[in-house]
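Taking it in order: structure first as structure tokens, then the write-up.
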2 protein chains.
Amino acid sequence: MGISKIDKMHSLSKNQQIIFDLIDKSPEPLKAYTILFNVQKRGIKAPPQVYRALDKLVEMGKIHKIESRNAFIACHNSSCQVAKATAFSICEICEKVTEISSAGLSKYLTSFKDKDGMKYSKYNLEFFGLCKKCR
Amino acid sequence: MGISKIDKMHSLSKNQQIIFDLIDKSPEPLKAYTILFNVQKRGIKAPPQVYRALDKLVEMGKIHKIESRNAFIACHNSSCQVAKATAFSICEICEKVTEISSAGLSKYLTSFKDKDGMKYSKYNLEFFGLCKKCR
DNA sequence: CTTATAAATGTTATATTATTACATAGTGTT
DNA sequence: AACACTATGTAATAATATAACATTTATAAG
Ligand SMILES: [Zn+2]
Ligand SMILES: [Zn+2]
Ligand SMILES: [Zn+2]
Ligand SMILES: [Zn+2]
């Protein structure tokens, strides 16, 4: 039987799958070298293997990079159709990160025009504050 | 005569001034080690000196960090009253970065409520697209 | 002015994050 | 088979950032 063409298009390579699984299971954003350490038993031994998989997963919208933290989180917005229009809230005490999926927010931002009348379909927004627990 | 109390409160230390001047003159965001290289002739010889000044300048709202680029830009919003609520547009071709100062945008974002009804006064937003020249 | 305190600086070493470069192996197409 | 393309493996190195500790300078109080 094997894997159909369409399935293949959406399927992850071995390293991508290993790394995605780890990130997806994690309750918190993972850093590249934390990932590396945790997948060494599965045969991924060097930074480029990790960074290459991370790059592809980000491209695909399966994960997002939290830029202010240099860490990666799985997309919890049903594999972000809007991989390139992301918003997060970050707790400044416990570092909990939550992906925000608000139609209103994304609509506001994608239709936002700057002084030159320019619109942007791609953006990254990071909110900082205290989460429920830490308040 | 010397410097008055109020002036002093707002004045920068020697290293802070050197590094702020460099960033403020620059037409593009500067990276920490680019800054280090450029201020060595002025006596700043090691990374901690640069990073410490950068930290303080960010705290004061005199400069902002462009997280997706690991680079620093002077605030062009009259020393950002909203040092902690920043928005930028970034050209994906020429890497030109512009600080966005839109009352509407900042009002929308500071009054934005997440699913838990939480508001955030602190945020960083980076828009990506093509600048006028590169379009 | 002296003492106390905090802020800033100088310096060395090291930690963390990310990429370059090149060789090899698999996958799909013609 | 030949080709193009993607993914992998590996070593070395580049780029970004912090820790730790000694010293100096600025500010404020007594
Ligand atoms: Zn997402
Ligand atoms: Zn928290
Ligand atoms: Zn500003
Ligand atoms: Zn441009």
Side-chain angles (χ1 to χ4, degrees), chain A residues 1-23 26 28-60 62-73 95 97, chain B residues 1-23 28-60 62-73 95:
Chain A
M1 320 198 331
I3 301 173
S4 81
K5 198 173 185 179
I6 296 261
D7 285 347
K8 192 62 187 172
M9 281 175 61
H10 293 302
S11 75
L12 303 179
S13 76
K14 177 172 140 283
N15 288 0
Q16 287 161 13
Q17 189 69 57
I18 290 169
I19 287 173
F20 175 73
D21 287 346
L22 183 71
I23 296 172
S26 172
E28 60 193 9
L30 294 179
K31 290 172 165 267
Y33 276 73
T34 303
I35 292 167
L36 175 57
F37 179 79
N38 279 281
V39 297
Q40 280 181 333
K41 49 182 162 303
R42 306 213 46 193
I44 296 173
K45 293 182 197 156
Q49 295 173 287
V50 173
Y51 282 102
R52 282 192 294 230
L54 290 173
D55 287 349
K56 290 293 183 186
L57 291 167
V58 167
E59 260 180 35
M60 294 176 204
K62 300 283 292 181
I63 65 172
H64 304 301
K65 183 173 187 179
I66 309 302
E67 293 286 357
S68 65
R69 300 299 186 261
N70 297 316
F72 299 84
I73 191 176
E95 292 290 323
V97 174
Chain B
M1 309 204 340
I3 303 173
S4 82
K5 198 172 185 179
I6 296 261
D7 287 345
K8 194 61 188 171
M9 279 174 62
H10 294 301
S11 77
L12 303 178
S13 75
K14 178 172 141 281
N15 288 0
Q16 286 160 15
Q17 189 68 58
I18 291 169
I19 287 172
F20 175 72
D21 286 347
L22 183 71
I23 295 171
E28 61 193 9
L30 294 178
K31 289 171 167 269
Y33 276 73
T34 303
I35 292 167
L36 175 57
F37 179 79
N38 279 282
V39 296
Q40 280 181 333
K41 50 182 162 304
R42 306 213 44 194
I44 296 174
K45 293 182 197 156
Q49 295 172 287
V50 173
Y51 282 102
R52 282 192 294 230
L54 290 174
D55 287 349
K56 291 293 182 185
L57 291 167
V58 167
E59 259 180 36
M60 294 176 203
K62 301 282 292 181
I63 65 173
H64 305 301
K65 182 173 187 181
I66 309 302
E67 293 286 357
S68 66
R69 300 299 187 261
N70 298 317
F72 300 84
I73 190 176
E95 292 291 322

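We name chains A, B, ... by the order of the sequence lines, and we start the count at 1 in each one.
Nucleotide dT16(C) holds its P atom 16 Å from the CG atom of Leu30(A), rounded to whole Å. At whole-Å resolution of the value, CG in Leu57(B) and P in dA8(C) are 10 Å apart. The distance from atom CD of Gln40(B) to atom C1' of dT11(C) is 13 Å, rounded to the nearest whole Å. To the nearest angstrom, C1' of dT17(C) lies 12 Å from CD1 of Ile35(A). Rounded to an integer number of Å, the gap from Gln17(B) CD to dA26(D) P is 15 Å. Rounded to an integer number of Å, the gap from Ile66(A) CD1 to dT17(C) P is 15 Å. Glu59(A) has its CD atom 12 Å from the C1' atom of dT6(D), to the nearest Å.
Judged as a side-chain contact (heavy atoms from CB on, under 4.5 Å), and not counting sequence neighbours, the contacts of Lys31(B) are Thr34(B), Asn70(B), Ala71(B). Checked against side-chain contact (heavy atoms from CB on, under 4.5 Å), Arg52(B) has the following partners two or more places apart in sequence or in another chain: Pro48(B), Gln49(B). Taking the side-chain contact (heavy atoms from CB on, under 4.5 Å) definition, one finds that Ser68(B) meets it with Glu67(A), Ile66(B), Ile90(B), Glu126(B), Phe128(B), sequence neighbours left out. Qualifying side-chain hydrogen bond (donor to acceptor under 3.5 Å, both in side chains) partners for Ser26(A), counting only residues two or more places apart in sequence or in other chains: none. Residues passing the side-chain hydrogen bond (donor to acceptor under 3.5 Å, both in side chains) test with Asp55(B): none are found, sequence neighbours excluded. Legend: residues meeting salt bridge (Lys or Arg N to Asp or Glu O under 4.0 Å) with Glu28(A), ordered by chain and number and at least two apart, are absent. Contacts of Phe37(B) classified as side-chain contact (heavy atoms from CB on, under 4.5 Å), with partners at least two apart in sequence or in another chain: Gln40(B).
Taking the screw axis at each terminus of the helix from dC1(C)-dG30(D) to dT30(C)-dA1(D) from five consecutive base pairs, the angle between the two is 30° to within rounding of 10 degrees.
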Legend entry - Summary of protein contacts for nucleotides 7-17 of chain D, nucleotide by nucleotide, where a base hit scores B, a sugar-phosphate-only hit scores S (4.0 Å, heavy atoms): SBBBB----BB
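Shortest non-hydrogen contact noted between Phe20(B) and Leu12(B) is CB-CD1, 3.8 Å.
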